[in-house]
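In what follows, a structure is listed as structure tokens, so that the remarks can point back to it.
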Amino acid sequence: MVCDYELAEIVCQDCGIVIRSNMMDQGPEWRAFDSEQRERRARTGAPLTYTIHDKGLTTLIDWHNRDISGKGFEPGQKAQVYRLRKWHRRIRIFDAQERNLAHALSELSKIAETLNIPRNVLETASMVYRKAIKQKLIRGRSIRGMAAAAIYIACRQCKFTRTLEEVAEASGLSKKEVGRRYRFLVKELNYFIPPCTPRQYALRLIAQLAMEGEAEEIAQRILELASELRLTSGRGPAGVAAAATYIASVLTGERKTQREIAELARVTEVTIRNRYKSLIEHLNFTVYL
DNA sequence: AAGACGAAAGTGGTTGA
DNA sequence: TCAACAACTTTCGTCTT
């Protein structure tokens, strides 16, 4: 029995049967490497009451250099009020960022929950978001959009297969919007995101279809050969993976319909057909029989 | 009757002038 | 900014199991 953290599944290594899927990572929630991190994490834990910030009781130190009776300040007081104002301003910015972060963390965990994303990926997403806040990339953009993008980045970095479409759906945003935010963040934060491989998609598909271990092997082999023959470049990885999975299902005898696979892979049957046509054209399947 | 096939037109995003 | 373009989708009629 093996625990696959990428797919969040427990799989029997002999027969490939999925014993438990969509499980949660039960590892420690937060890790803190120094006191500063511990402090920050402690403050951001637990149920977030981001809707209650200051309840409208914000204090303002206005810019008139006058006291309550309208008289001007003594020189010493003037300097003091200036300092007060300065610090007040700083604290307010800090507040705003904290509030944004709190809101964002709640969005992040909401999205993560509907996508069954394990803790470590969620943690990565939070780190991405913090970085974005620090670099002032959030201001003027929607928190939810940026949160969705952070989630997607984290998924890609952790090799946890979730499509852009799924992330968009879970966040209630359009694919286009999440994609735009995603590209923006990747560019601004100088991330390198390795492209998604058909292999990752295929692994997930086979797990979702609860197929035998043999099918997984065959699909992997097909994709290996396909990439050697350059049949994968320029093609959508999901389509290639779906085709390989379909072929594997036919070869192992536990046949799945194109529609079934197409639905899970989020491509059409036609795409599966087109891909697998070019696959069987170039590959010699006697190897497996 | 369901699944598979494939032609043809349509779609949305990228690229390059 | 616009048109060409490639990958993919939609639609639909036909063939196969």
Of the options [options], whose atoms approach the side-chain atoms of [X] most closely?
| X | options | value |
| --- | --- | --- |
| K176(A) | dC8(C), dG13(B), dA4(B) | dG13(B) |
| R235(A) | dC8(C), dA4(B), dG6(B) | dC8(C) |
| T257(A) | dC8(C), dG3(B), dG6(B) | dG3(B) |
| V270(A) | dC8(C), dA7(B), dA4(B) | dA7(B) |
| Y276(A) | dC8(C), dG3(B), dC5(B) | dC5(B) |

Taking [X] for the side chain and [Y] for the main chain, is one N or O donor matched with an acceptor at less than 3.5 Å?
| X | Y | answer |
| --- | --- | --- |
| R141(A) | L137(A) | yes |
| R162(A) | L115(A) | yes |
| S126(A) | L122(A) | yes |
| R199(A) | Q220(A) | no |

Decide yes or no for [X] and [Y]: does some side-chain heavy atom of the first lie under 4.5 Å from some side-chain heavy atom of the second?
| X | Y | result |
| --- | --- | --- |
| P194(A) | Q157(A) | no |
| K256(A) | M211(A) | yes |
| E212(A) | I206(A) | no |
| R156(A) | Y182(A) | yes |

Between [N] atom [atom2] and [X] atom [atom1], what is the distance in whole Å?
| X | N | atom1 | atom2 | answer |
| --- | --- | --- | --- | --- |
| K175(A) | dA7(C) | NZ | C1' | 12 Å |
| E281(A) | dG6(B) | CD | P | 10 Å |
| R273(A) | dC15(C) | CZ | C1' | 12 Å |
| R180(A) | dT14(B) | CZ | P | 11 Å |
| Q258(A) | dC5(B) | CD | P | 5 Å |
| K256(A) | dA4(B) | NZ | P | 12 Å |
| E263(A) | dA4(B) | CD | P | 13 Å |
| E260(A) | dA2(B) | CD | P | 15 Å |

Using heavy atoms to find the nearest nucleotide of DNA chain B for R183(A) and R259(A) separately, return the residue whose nucleotide is more 5′.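 It is R259(A) whose nearest nucleotide is closer to the 5' end.
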When pairs are called at under 3.5 Å and a stem needs at least three consecutive Watson-Crick or G-U pairs, the stems of DNA chain C are B:1-11 with C:7-17, B:13-17 with C:1-5
Using a 4.0 Å heavy-atom cut-off across all strands, classify G179(A) as base, sugar-phosphate, or nothing. nothing
Can I280(A) be reached from V270(A) by stepping across I, L, V, M, F, W or Y side chains whose heavy atoms are under 4.5 Å apart? no
Does dT17(C) have its OP1 or OP2 closer than 4.0 Å to a side-chain nitrogen or oxygen of R255(A)? no
CA sep, side-chain torsions, deciding dist, call: E166(A), T163(A), side-chain hydrogen bond (donor to acceptor under 3.5 Å, both in side chains): CA-CA 5 Å; E166(A) 286 169 310; T163(A) 62; 3.1 Å; yes
Using a cut-off of strictly less than 4.0 Å between a heavy atom of the residue and any atom of DNA chain C, enumerate the qualifying residues of residues 144-156 of chain A by number.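 Per residue number, the list is empty: none.
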